[in-house]
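Beneath this line is the structure, given in structure tokens, with notes to follow.
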2 protein chains.
Amino acid sequence: MSKIQVTENGTRKQAIIQQAAGLFRQKGFAGSSMRELAERIGVEAPSLYNHIGSKNELLENICFSVANQFMAQLERIEADGFSAIQQLEQVLRFHIHMMVHAYDEVFVANHEWKQLKQPFLSDFLQQRKNYEQRLITMVQAGIAQGLIKPVQPQIAVLTILSAVRGLEFWQGQKNSIHWDELENNMVDHLLNGLVQ
Amino acid sequence: MSKIQVTENGTRKQAIIQQAAGLFRQKGFAGSSMRELAERIGVEAPSLYNHIGSKNELLENICFSVANQFMAQLERIEADGFSAIQQLEQVLRFHIHMMVHAYDEVFVANHEWKQLKQPFLSDFLQQRKNYEQRLITMVQAGIAQGLIKPVQPQIAVLTILSAVRGLEFWQGQKNSIHWDELENNMVDHLLNGLVQ
DNA sequence: CTGAAAAACTAATAAGCGTTAGTTTTGTTG
DNA sequence: CAACAAAACTAACGCTTATTAGTTTTTCAG
């Protein structure tokens, strides 16, 4: 049959992972079969194992690729010397950016990480907790500087992260959306509120 | 073996659905097996079929029970004559209430509705769209009355709904949380913002 | 106590799963 | 063009799945 198409600068393994992200997003990890993944690529299922180790390895690749990207960006923002509010805004905008440009992967990492096996599950959760903690510290700094209301920092962080996750609901109408406007509206809503 | 324990005023079918909600939340619908569900109840898998029609029927029951509860409450709020902001606050508080008191069912309805089969999938999506639209109308009314900033109503609604969904992340520490404080913090954040 | 209905059981089926083994085709390099 | 490696193929394995059929046990009203 045909061969696995390789896009520029990508290995066959990367092509498989990308297709897997799309499939796992649509059907969930447990609801997806290697046979269906293979069919989408245009190949028989056992052929996939020339390039990957297992179905679970695909999920691990997707989840940790996303986690690493968020972590790397957070480190950049923490080091840039802006105010807590400005840093929070940058974090917000990066989450929105990822939701638009790496939708499938982010969605899968958000929804299917539970299906990771040990020790990957623990690793992932720890990384996630660490990320949240650093955002909480950011909010605390903002409160200490008098820029942010004296709220419970963890509640604020969770509210923001959850709100941004909701961008997945917009993806259906991907092409009819003004992403700039959406981004600015959300940033304003989450930082300045809704009430006139 | 033992029998399916029936709690007060509940049929055996309801007991199965309740256990299924807990299992589906933990492992996902596709990741859960009827054998494991039966084991949790203390019965052999085929015995379940004396009370239910199929595995999919369980998911349908959970999803539409949740949808109906939200719809009924929205109708009550719409009819109570309060201001748009007050109505929005009531909606918010009800979502938080459901997240605390019917966690498993709400979680499953939020995450596993994709696995519904036709025509249930279409029904569910339509009901969801209808719910969102009525919240959008609520925000529009608030803007017209000068109570709410002239934002994009659908963005505001989605930001709020997504933020509330994030309460699922708090359930792990269910007993160590002051839910009143959490609720008030979120309502204030989403209506009045974070900035001092 | 008897008999019927409810609810459990055991056994089995067909289908689908991830994955392995072994082989053939394809692509590339000397 | 020969040889070697990469990547596809077919066939099959052992397991799990949801579900059905048929039977036995339990529950409960008359």
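All values below come from the heavy atoms of this structure, side chains included, with hydrogens, waters and symmetry mates left out. Lettering follows sequence order; numbering is per chain, from 1.
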- Is the shortest side-chain N/O distance from His51(B) to OP1 or OP2 of dA6(C) below 4.0 Å? no
- Item | dA7(D) OP1/OP2 closer than 4.0 Å to side-chain N/O of Ser47(A) |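 Answer is no, no contact under 4.0 Å.
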Could you pull out the protein-nucleic contacts involving nucleotides 17-19 of chain C (nitrogen or oxygen on both sides, under 3.5 Å)?
| unit_1 | atom_1 | unit_2 | atom_2 | d |
| --- | --- | --- | --- | --- |
| dC17(C) | OP1 | Ser33(A) | OG | 3.4 |
| dG18(C) | OP1 | Ser32(A) | O | 3.3 |
| dG18(C) | OP1 | Met34(A) | N | 3.2 |
| dG18(C) | OP1 | Lys55(A) | NZ | 3.2 |
| dG18(C) | OP2 | Met34(A) | N | 2.8 |
| dG18(C) | N7 | Arg35(A) | NH1 | 2.9 |
| dG18(C) | O6 | Arg35(A) | NH2 | 3.1 |
| dT19(C) | OP2 | Tyr49(A) | OH | 2.3 |
| dT19(C) | OP2 | Lys55(A) | N | 2.9 |
| dT19(C) | O5' | Tyr49(A) | OH | 3.3 |

- Query: With ILVMFWY side chains joined below 4.5 Å, transitively, what does Phe82(B)'s cluster contain besides itself?
  - Reply: none
Quickly work out the [X] [atom1] to [N] [atom2] distance and round it to whole Å.
X        : N       : atom1 : atom2 : answer
Leu37(B) : dT17(D) : CG    : C1'   : 14 Å
Glu44(A) : dT20(C) : CD    : P     : 17 Å
Arg12(B) : dA6(C)  : CZ    : P     : 11 Å
Ile52(A) : dA7(D)  : CD1   : P     : 14 Å
Lys27(B) : dT17(D) : NZ    : P     : 10 Å

- Determine the sole option in Trp113(B), Phe107(B), Phe29(B) for which the ring-ring contact (aromatic ring centres under 6.0 Å, His included) test with Phe24(B) is passed. Phe29(B)
- Does any pair with a residue in residues 82-99 of chain B pass salt bridge (charged side-chain N to carboxylate O under 4.0 Å, His left out), and if so which ones, sequence neighbours excluded?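 Pairs touching residues 82-99 of chain B that pass the test: Glu89(B)-Arg93(B), Arg93(B)-Glu183(B).
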- Run the salt bridge (charged side-chain N to carboxylate O under 4.0 Å, His left out) check on Arg128(A) and Glu132(A) step by step: do they pass? CA-CA 6 Å; Arg128(A) 200 188 160 78; Glu132(A) 278 177 28; 3.7 Å; yes
- Task: Please determine if Glu57(B) and Lys117(B) form a salt bridge, counting it only when a charged side-chain N lies under 4.0 Å from a carboxylate O.
- Result: no
- Message: Using only modelled atom types and a 3.5 angstrom limit, is any donor from either the side chain of Asn50(B) or the base of dA8(C) paired with an acceptor on the other?
- Response: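 Yes, a donor-acceptor pair under 3.5 Å.
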- Answer yes or no: does atom NZ of Lys27(A) have more than 12 heavy-atom neighbours from other residues, nucleotides or ligands under 6.0 Å? no
